[in-house]
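Letters A, B, ... mirror the listed sequences (proteins, then strands); counts begin at 1. Reckoned from all heavy atoms, side chains included, excluding hydrogens, waters and symmetry mates.
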Amino acid sequence: MNHEEIESKWQQEWSEASVFDADPDQRQSYMVTAAFPYVNGPPHMGHVRTYGTADVLARYKRMRGFNVLFPIGYHVTGTPIIAQCKRIKSKDPILIKDLKKFGISDEDIEKMEDPMYLASYFINEFRDAFHALGFSMDWRRQLISIDPKFSKFVEWQFSILNENGLLTKGKHPVGWCPNENNAVGMHDTKSDTEPEIEEMLGIKFQVENEDYKIACATYRPETLYGVTNIFIKDGVRYAICEVNGEKLCLSSTAAESMAYQANVKVISEITAADLFDKKYINPINGNAVPALPGFFVDEKFGTGIVMSVPAHAPFDYAALLDLKKKGSETAAAILPIKVIELDGPAKGQEIPSVAYIDVESQEGDPDSGAIEAATKNQYKEELRSGVMIMGDYKGQKVKIARDSMWKDLIASNDAFVVRVIANGAVCRCGFSVVVKIVDDQWFLNYGDEGWKVKAREALKNTKILPEKLRPTFEGALEWINLRAVARAQGLGTKFPLDNTKIIESLSDSTIYMSLYTIWNIIEKVESEKLTKEFFDYVFLGKGSAEAISKTTGISYEIIKRSKESFDYWYTFTSRHSGVDLIFNHLTMYLFNHSIIFNSKHWPKQIAINGTVLCEGEKMSKSLGNTVDVKEALGKHGADVTRFVIICSADLFGDSEYSNDAARGIKERIEYIDSIAGNLSLYSPSELRHIDYWMYSRLNRKIITVTEAIDKLELRTASTAALYEAVIDLKRYFLRGGNNQIVITEYLSNIALMLGPLTPHFSEELWHKIGNDTLVAKEKWPTANESMLNSKMEMEEELMDKMIEDSKHVLDLVKRKGQEPKEIKYIVASEYKYILNNELAKDKNVKRVMEMIKSGELENSYQIKFDLQKCMDFVSSMAKHINTVNTVETNPADQYDIINDAKEYIGNGTGCRITVEKEEESKSSKAAASTPMKPGIEIL
RNA sequence: GCAGGGGUGGCAGAGUUUGGCCAAAUGCGACGGGCUUAGGACCCGUUUCCUUUGUGGAUGCGAGAGUUCAAAUCUCUCCCCCUGCACCA
């Protein structure tokens, strides 16, 4: 049977037995949810990782006796789907090509101009993929974030937030397209660049003999003391404007974009040339400086005017040099003013920027790339080590001086904040994105101290997997402040306080997991009936079912059941997602739960999984190395795909999708399968040494795997359950193991432990060895600790080391031209074991020596010791005292073990094997024997 | 810049909390050998250097310094990398 047949067979069995349809019963509940996928495209490997990890936990907890609910929903609200439709409408060739690659027909692509069609198309893709992967979801509870009932729930949520005074209105800077007149997010820009908003300072210089000032945009107000001139872009139009009641001059284009941030009214336009013959007064020291044309000035950036600090800005220095070469007397007369002393190449230099330009460009004729690099280096170095050497801030570190000057200049009205798009993001329509201050923006106030207290409390009581991410959560929790909560466009629920706006799509999905608990119950209820009273009762226990039934018209039964279902399910929950959601969704998840629900319904566990790499590289469309889920399933099947993606790394590590890894897993699965198929070759018999060893390994494995899955360390778990199981089995057979009972028991436990990891194969194996129940409903194995035998496992290890050493020696002998026929092992005398273990206790050579001399050892062990031999042995051990360990076996055991394993060792070395005891041996190698390593003599 | 996480052998990645069983698990790759018509399958060996009738030594876990009988592990300084910085799912 191929993997597809096997998989669909068991998927059908599970479905027929309704194994995953979960309803309240007497068992302890456990609810696993993963952040629902945003369905503007087909599922990818990252989804497999997140939902797969959740599925492993769900299946595991089910086997541990919990009643597990694992629901799923789909995220449709917000702008990406709309953006996608727009791109399709405009026949975006790249997108169309991608869609076709996924096997979507032209006809379907055309229909995808409709957002709902697009969403439902991909929802089907997701559903099919989840089915095919064997995820143990309760399919009766699928919800969609645009369902009217979902909206009613979101409205209820916002009514509570509003009651708590957490919705506030204010100003907010956003990326904005001046052409389309709307906010611009990542998926609205060319090549999906998030518009990056940065703050600069616009410093005002009074123009001599005029009634206006010019505004110079800078990141570095602390260099104001070093200003020697002003740079203007030649040939460009400048505008004198009224900005918040003050006359300011900036470039005309800058004036246009500034209008989105402040009240800007253009009074008159002038040319750059008009500005060159004037002087400008530096507000910090009253110096009058000239204006010069600067080749690097960008009239679109900032204010279109730059203050020149040649000592600390390579661009400024280069521009002056350029002008000087061209014969500018003004430029020639300018002397750079050093205001900062610093470490690095410029230490002690009169003009620090020169040092950096030289470092970047030995030629002396720097191109702008070199200047760019020089600028970066100098800024960095000055921030790190720079100290002000003049002005009111003399002696302060640059870092401190910059912050104070920033504040002081604003306070004295000599400067104002200018916001810029630092990365030059461009809207898909072709216009450059500008910064707009939206002044009627609604916010959710995550900065509210009372709310933060609750959120901290919620986090404290939530288990974070992996625990090392807790500091990140703590940071996120403190950092989150005002969050814009309403948008002008996109799919979603209307914002209750302003019906022209839509609730932002991450804000509508912070507590929706609770809705799964009643989704199947309210399936037939009309959305209008889902009033605030209904949700208040179900989720918060306010009011009575009878009364609410009367006011809403919902049947008493449904109301009652809903509340019971919620109370039952929403107690032990585990939330799953990738790292990218920590700073938004998961933080909001904690906040919103803490303010809305009673504390017993707060989050209990959050698990964060790493990303998926493809053949060593991050998967991305531009690299063309994305792997389609469908393709992977067809190639390797569900179990192998799951295993590769979910188990090849521990929870937070990057997992790697590679064909090599898939092949390795497939082979191991096949190996175990073949053993199961050949069970009849073995028969039950009495337990021997190697059988006990096998039981010990098995029970230790159960402990390892159980502990690992509890922490979702799936790499550890899967290595033990599959990889090491194969190694154990191979060794068992190699050592002559052939007990059918042992093999069967081993395999059945492996089948159970593989249940969460490779569910289909696990069922197959389970049935092959004679069971007729479903692993999915079976009990997770528990370890029988009395079967653990570390001594025996150690002995096996010792034996391998012994064989290894023997081979080493054999090689040497062979090299000398001898023909080895026999290996004689000499087991060390008991006194060596005793001394070894004494040394292992505290690694104290002196103490053991004393014990020997004083006779203390002879007394406590009641044996006679040869003083000299003991001292020799201890001193030889002392050389590598750090590697001395307690040995649990004794000489007699050792002797028997080697004797028993003659055949095994013989096979490994190709020699006849004999054993003798040190005290009976005449071999020259006898004295060299130690407890860890018997003496070896080649004959 | 701020915050968080990191830097280990050809690569990936354990080990760091609780210093010594750590020349460092495991997987992959490479090389050599065996098996074979063949092998991308399987088995054995090698994969820092030196040494060798053996189980030994040197160097070594970003750089440097320190604590200690003993450091990948503890302390300090520095360098470098990754992620996030918001209205966007």
Side-chain angles (χ1 to χ4, degrees), chain A residues 35 37-38 40 75 77-81 83 172-175 183-188 192 194-197 219 379-380 383-384 399 402-403 438 441-444 446 468-476 478-487 490 504-507 509 579-585 613 616 648-650 652-656 658-661 663-664 667 671 715-716 719 723-724 727 730 801-802 804-816 818 820 840 842-845 879-886 908 924-925 928-930 932-938:
Chain A
Y38 195 85
N40 64 339
H75 201 189
T77 49
T79 51
I81 286 187
H172 186 62
V174 295
V184 177
M186 192 165 79
H187 37 254
D188 302 313
D192 284 349
E194 179 78 47
E196 211 176 284
I197 298 172
Y219 287 109
Y379 279 21
K380 194 174 154 191
L383 189 74
R384 197 180 68 77
K399 206 167 152 178
R402 178 180 302 176
D403 287 351
V438 178
Q441 178 66 57
W442 281 99
F443 294 100
L444 205 38
Y446 288 107
K468 71 172 175 185
L469 283 180
R470 184 173 292 278
T472 307
F473 272 92
E474 286 165 350
E478 297 306 325
W479 155 89
I480 194 169
N481 191 8
L482 291 176
R483 187 182 172 92
V485 75
R487 289 205 53 149
E504 181 273 320
S505 60
L506 279 182
S507 303
S509 319
V579 230
D580 47 329
L581 295 188
I582 295 181
F583 276 85
N584 41 58
H585 168 70
L613 304 177
S648 69
D650 275 329
F652 190 54
D654 289 339
S655 76
E656 169 137 15
S658 77
N659 285 317
D660 277 340
R663 185 169 40 82
E667 277 157 19
Y671 175 81
R715 178 195 174 99
T716 309
T719 305
Y723 284 66
E724 284 168 15
I727 292 174
K730 285 187 176 173
K801 280 211 174 118
M802 206 173 78
E804 208 175 289
D805 285 344
S806 308
K807 282 182 178 167
H808 196 121
V809 182
L810 284 171
D811 278 349
L812 294 170
V813 171
K814 280 180 194 160
R815 229 181 285 160
K816 300 252 154 143
Q818 292 178 41
D842 55 2
K843 323 245 177 209
N844 188 338
V845 178
K879 274 194 279 181
H880 50 100
I881 185 77
N882 290 345
T883 60
V884 176
N885 294 304
T886 307
S924 58
K925 299 291 170 193
S929 63
T930 74
M932 296 292 285
K933 310 195 175 205
I936 302 167
E937 185 174 20
I938 310 292

Which whole number of Å gives the distance between the [atom1] atom of [N] and that of [M]?
N: B:A72; M: B:C78; atom1: P; answer: 23 Å
N: B:A63; M: B:G7; atom1: C1'; answer: 11 Å
N: B:U52; M: B:U75; atom1: C1'; answer: 41 Å
N: B:C80; M: B:C44; atom1: C1'; answer: 41 Å
N: B:C74; M: B:U17; atom1: P; answer: 5 Å
N: B:C76; M: B:U67; atom1: P; answer: 15 Å
N: B:C49; M: B:U53; atom1: C1'; answer: 22 Å
N: B:U46; M: B:U55; atom1: P; answer: 15 Å

Could you list the protein-to-nucleotides 24-31 of chain B atom pairs, N/O on both sides, closer than 3.5 Å?
none

Query raised in the report: Does OP1 or OP2 of B:C42 have a side-chain N or O of A:Lys730 closer than 4.0 Å?
Result: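 Result: no.
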
Query raised in the report: Between A:Thr79 and B:A89, is there a side-chain N or O to OP1/OP2 distance below 4.0 Å?
Result: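 Result: yes.
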
Query raised in the report: In Å and rounded to the nearest 0.5 Å, what is the NE2 to CD1 distance from A:His75 to A:Ile81?
Result: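 Those atoms lie 9.0 Å apart.
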
Taking atom [atom2] of [N] as reference, at what distance in whole Å does atom [atom1] of [X] sit?
X: A:Trp479; N: B:C2; atom1: CH2; atom2: C1'; answer: 12 Å
X: A:His585; N: B:A89; atom1: NE2; atom2: P; answer: 14 Å
X: A:Asn40; N: B:A89; atom1: CG; atom2: P; answer: 10 Å
X: A:Glu196; N: B:C87; atom1: CD; atom2: P; answer: 11 Å
X: A:Ile582; N: B:G84; atom1: CD1; atom2: P; answer: 11 Å
X: A:Phe473; N: B:G84; atom1: CZ; atom2: P; answer: 15 Å
X: A:Glu504; N: B:C87; atom1: CD; atom2: C1'; answer: 6 Å
X: A:Ile480; N: B:G84; atom1: CD1; atom2: C1'; answer: 13 Å

Query raised in the report: Checking side chain to side chain contact (heavy atoms under 4.5 Å, CB included) for the pair A:Glu504/A:Leu444: CA distance, chi angles, key distance, verdict?
Result: CA-CA 11 Å; A:Glu504 181 273 320; A:Leu444 205 38; over 6 Å; no

Watson-Crick/G-U partner (both atom distances under 3.5 Å) of [N]:
N: B:C69; result: B:G20
N: B:U53; result: none
N: B:G64; result: B:C76
N: B:G1; result: B:C85
N: B:G39; result: none
N: B:A58; result: B:U48

Ignoring hydrogens, what is the shortest heavy-atom contact between [X] and [Y]? Give both atom names and the distance.
X: A:Gln441; Y: A:Ala484; result: NE2-CB, 3.4 Å
X: A:Arg483; Y: A:Ser507; result: NE-OG, 4.0 Å
X: A:His585; Y: A:Ser509; result: CE1-O, 3.1 Å
X: A:Phe443; Y: A:Leu482; result: CD2-CB, 3.7 Å
X: A:Val184; Y: A:Pro195; result: O-CG, 3.6 Å
X: A:Ser655; Y: A:Ala649; result: CA-CB, 3.8 Å

Under 3.5 Å, which protein N or O atoms sit close to an N or O of nucleotides 3-7 of chain B? Give each pair with its distance.
{"residue": "B:G4", "atom": "O2'", "partner": "A:Thr472", "partner atom": "OG1", "Å": "2.7"}

Looking across every strand, which nucleic acid part, if any, lies under 4.0 Å from [X] by heavy atom: base, sugar-phosphate, or nothing?
X: A:Asn481; value: base
X: A:Leu482; value: base
X: A:Glu474; value: nothing

